[in-house]
Amino acid sequence: MWIRGWAGAARTHLKDHHARAAFTLVTRGENHMPTIRVELMEGRTVEQKRALAEALTQAVVDTLGAKAESVDVLLFDIKRHDWATGGRLWSDRSPG
C-alpha cells in the first residue's frame, strides 16, 4: 500500500516558504517505511540539512510510531532557475 501526501508541519522546520515537503508511507506487511521527500531551494548548509533530517525523523517517530532507523529523508536542492511560483522564476526575482 502506498499513501502519499503533503507534510505541512515540516514547514515549521524549514523556516521559510522556499521549501516544501512530501511524504510517502510504504507498507509491506507489518513493516512501515516512511520516506520523506523534501525539495528546497539550494543554499542550505550541511548542518541545516542534518538538523532538518533529525527533526523530521523525530516527528515521524513521535507521530507514526516508526523506528528512527526505518525513516528515510531525501533532500533535493533545486536551483532558483528551476523553481517558479506564480509563473515567475525565482532567478528573475530580486534576492530578499
Side-chain angles (χ1 to χ4, degrees):
M1 170 178 25
W2 288 80
I3 301 172
R4 303 198 72 161
W6 292 104
R11 286 188 184 266
T12 59
H13 297 290
L14 298 174
K15 300 236 183 189
D16 67 35
H17 64 281
H18 306 304
R20 65 182 182 186
F23 69 89
T24 303
L25 177 61
V26 181
T27 304
R28 293 184 184 134
E30 295 297 315
N31 298 323
H32 298 279
M33 303 177 350
T35 300
I36 301 170
R37 178 184 170 99
V38 181
E39 298 166 347
L40 28 97
M41 212 166 281
E42 67 180 349
R44 303 316 195 292
T45 66
V46 171
E47 292 79 17
Q48 289 173 314
K49 291 178 181 182
R50 183 177 295 116
L52 178 60
E54 290 171 0
L56 290 172
T57 298
Q58 190 59 51
V60 169
V61 169
D62 294 345
T63 305
L64 300 179
K67 293 181 180 179
E69 58 271 10
S70 73
V71 178
D72 291 320
V73 177
L74 308 175
L75 304 172
F76 295 90
D77 285 334
I78 310 296
K79 295 183 182 304
R80 293 176 66 82
H81 64 265
D82 290 332
W83 191 313
T85 302
R88 189 170 170 208
L89 292 173
W90 278 95
S91 59
D92 295 339
R93 298 170 188 251
S94 59

Checklist outcome for this item: Partner of Lys49 under side-chain contact (heavy atoms from CB on, under 4.5 Å), picked from Val73, Asp77, Val38, is Asp77
Checklist entry - Are the side chains of Thr85 and Arg93 in touch, meaning some heavy atoms are under 4.5 Å apart? => result yes
Item to check | Rounded distance (nearest 0.5 Å) linking atom CG of Asp92 with atom CZ of Arg80 | outcome: 9.5 Å
Item to check | Same apolar cluster (I L V M F W Y, side chains within < 4.5 Å links), Val61/Leu56 | outcome: no
Checklist entry - Which heavy-atom pair separates Gln48 from Gly43 by the least distance, and what is that distance? => result OE1-O, 4.4 Å
Next on the checklist: Quick one, Ile36 with Leu74, criterion side chain to side chain contact (heavy atoms under 4.5 Å, CB included). Give me CA distance, side-chain angles, the key distance, then yes/no.
Outcome noted: CA-CA 6 Å; Ile36 301 170; Leu74 308 175; over 6 Å; no
Next on the checklist: If I compare all heavy atoms of Trp83 with all of Glu39, which pair ends up nearest, and what's the gap?
Outcome noted: CH2-O, 3.8 Å
Next on the checklist: Test side chain to side chain contact (heavy atoms under 4.5 Å, CB included) on Leu40 and Leu52; report intermediate values, then the result.
Outcome noted: CA-CA 11 Å; Leu40 28 97; Leu52 178 60; 4.0 Å; yes
